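Keep in mind that this is a model prediction, so the values were computed, not measured.
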Amino acid sequence: MSSKDVRGDKGASAGKRVGGNKKMSGAKLSTGSKGTGGGKKAAGRPHRGGKTKSQASSRQRTGRPSHRGASFDASALEGAEFIEVSNVALPLDAGLESPASEVNRPTPVSRAVGVEHPTPAAPATPPAPVAPAEGSHAESLSCAAIASALGVAPEGVASFSLVKRSVDARKKSNVHFNATYAVRLAQGVVYDTLSPARGVNVRAYDPPAPLAIPDLRSLATSSDERIVVAGTGPAGLFCALYLAEARLRPLVVERGAAVDERTAAIESFNAGGPLDAAANVQFGEGGAGTFSDGKLTTGTKSPHIRHVLEAFVQAGAPDEILWQAKPHIGTDKLPAVVKSIRERIISAGGEVRFLTRLADIELSDGAVCSVALEDSRTGAREVVEASRVIVACGHSARDIFELARDRGFALERKPFSMGVRIEHPQTLINRAQYGAAAKHAALGAADYKMAVRVPARANGTRPDAASENATRGVYTFCMCPGGEVVAAASEEGGVVVNGMSRFARDGENSNSALLADVRPDDLPGNDVMEGVRLQREVEHAAFELARRNGGVPYAAPAQTVGDFLSGATSSSGQAEGGQPGGTVAAASEARRRTVVPGSHRRVGAAESHSRLVVRPSYPRGVVWCDLRECLPEFICDALAQGLPLLDAKLHGFADPSAVLTGPETRSSSPIRMVRGENFQARLASDLPDSDEEPATRVYPCGEGAGYAGGIMSAAVDGLRVAEAIAAEFSSR
């Protein structure tokens, strides 16, 4: 995953309020509590006439309390059957039950005419209300909160559906949910007389627009010229799914293994087996995101966000991702989900080949004419005629950058980030974010997202210069509540870490990337590949550092925060008991000195004032080292300056006993493959000031090409590229 999408918000994210989002609605509705909302009259549109007896008594009971906001324009609701009510304060107990997942189905996605699909299409507008389970306490609390937000009695709410819900923890004495609902008022309740509470927004509910996919089978190219999609990360999968359902029969190639074989290879590597260069955390079906937390958040805005969420639900992801403010699927559920998407591609006419690498792209008159595909195991090659190629290979397919450069495509350096994973006990994060409410069963594991700027040092920039380059960003990224640090190497002799969480997020530790900016001017020379070289140097240095200090191959160097800040090397790994216990009991000194996940240990005097105990979770074991021996000096300086500032935002973040495991080098791609407004790749020979759009018919796509920063934005970019290709066919 990449840092691009997460940089916009600063501070701990648990305290964010969420306003209305008309694109994030459930399709079915749950009824309100007793009274007029429960009967058949609820299905009608609210009357615009005078007050009913019920409403008049309601107004006498509720009045216009002093906390009510300014009057709103009821005329904007004219003719609306449903209204959207956002910023509804909801007690935590309302989250003890799922918000009737059986009545919160996704808005169906319209598909191409004549295409068969696993699930039938249904109307895009909300159907008639569906009653929740009788006596549901959570539903009663929700109904009461909506009624209070609107200034009506509970019986004035006929039905409602949860659109979005987040945690508002800005005041630790009043941690609650903040919700948005699609609401139908009871017959006779007049919009003119609503009295929304201060901060509550009311507008006409606008259901999300479905994704329309054209049927282009009559315009498809011949069987000898395929649309080739290289990569099955989110960008490649969603691009291929759209093209397949448009009947364009894409050929999807993935250098890594199918998800089941990939899972087995990763488990073997985690247990101490050899690295499989074709099946690991970076390469294989689903991309790097399959073995992460499966976070579906993004800083971008697009109607395709809803379409991606719905496709995930149709593929088996939990329904709740449709209304969670910070949805996630979890590493344990993602393999089945991506496999289901692959099966949909095949059933719609696409072809998927695993262990097949894009080895070459041949151009004729500046446009692609064929590709060379290589078997990842045997090296055998096949040339395939291609009318278009989507390059969605991910940020770790470094050979693709070299191929693009050698074939004359325009590449440019882009900012990326580098750093470590920081681990804390999840209970510390829960207390810091939720205070006394931390143990409430409805809250689950807390997360955070923080960013600070520090003086830029040790990179040739004057710290007092009056420019953005005078400072360097330090931030947390891809925070995994209740998760584990992942062994994410994809090349022999290099150590890379990442993070993951399972759906329940019930692990002992939290972990997050702790990163510092790497700007193009931090790198020497003008070679576009210099960022890749820096990544490799750090990864290889980390591998050798751990081995030099007695670790097994692919053990990771680690250091406590206290020792990192003081410049000391942490304990050599002598551990106190614990399960799974202590240092690895093996004959070799290397294994004796490698601390495996779950081992307790004491470290230096810098930790004497901390009661924190962190059991490192990196599966290949950690070796206590000085991280400054493998990370660039300017990165370490920035992290050291940033840690106390981040601790001021989240108390305990820089606790001396928190564990830093490194290096995290693959947060995003250091290279962008330049493309035009038509999504096609530019050639290096193109005039820089030319207004002419490229016509290479090669489409850089997703995170690896430099146009996304996580699962959601990559999937959205895949859909945008597919739409552009479909538009080209439609214009014939």
Consider only side-chain N and O atoms of Gln426 and Asn430, and report whether a donor and an acceptor are under 3.5 Å apart.
-> yes
Does a donor on one side chain sit under 3.5 Å from an acceptor on the other, for Gln282 and Ser396?
-> yes
Checking Arg675 against Tyr707: charged group under 6.0 Å from the ring centre and within 45 degrees of the axis?
-> yes
Please determine if Arg421 forms a cation-pi arrangement with Tyr618, meaning its NZ or CZ atom is less than 6.0 Å from the six-membered ring centre and no more than 45° off the ring axis.
-> no
Between Tyr554 and Arg547, is there a cation-pi geometry (under 6.0 Å to ring centre, at most 45° from the normal)?
-> no
Ignoring hydrogens and angles, state whether a donor on the side chain of Asn511 or Glu423 is under 3.5 Å from an acceptor on the partner side chain.
-> no
Looking only at non-hydrogen atoms, find the nearest pair between Arg620 and Pro553 and report the distance.
-> NH2-O, 2.8 Å
Could you tell me whether the side chains of Gln535 and Thr665 share a donor-acceptor contact shorter than 3.5 Å?
-> no
Establish, yes or no, whether the cationic atom of Arg255 lies under 6.0 Å from the six-membered ring centre of Phe283 and within 45° of the ring axis.
-> yes
Do Tyr475 and Ser417 have side-chain atoms, one donor and one acceptor, less than 3.5 Å apart?
-> yes
When every non-hydrogen atom of Ser501 is compared with those of Gly483, the smallest separation belongs to OG-CA, 3.6 Å
Heavy-atom nearest pair, Gly704 first then Ser669, reads O-OG, 3.2 Å
Have Arg398 and Ser490 got a donor and an acceptor in their side chains that come within less than 3.5 Å?
-> no
Smallest separation among heavy atoms of Ala542 and Val495, with atom names | CB-CB, 4.1 Å
Side-chain donor-acceptor pair present, Glu374, Thr356, cut-off under 3.5 Å | no
Least distance between heavy atoms, Asp517 atom then Asp522 atom = O-OD2, 4.1 Å
Does the side chain of Met418 come within less than 4.5 Å of Ser667's, by heavy atoms?
-> no
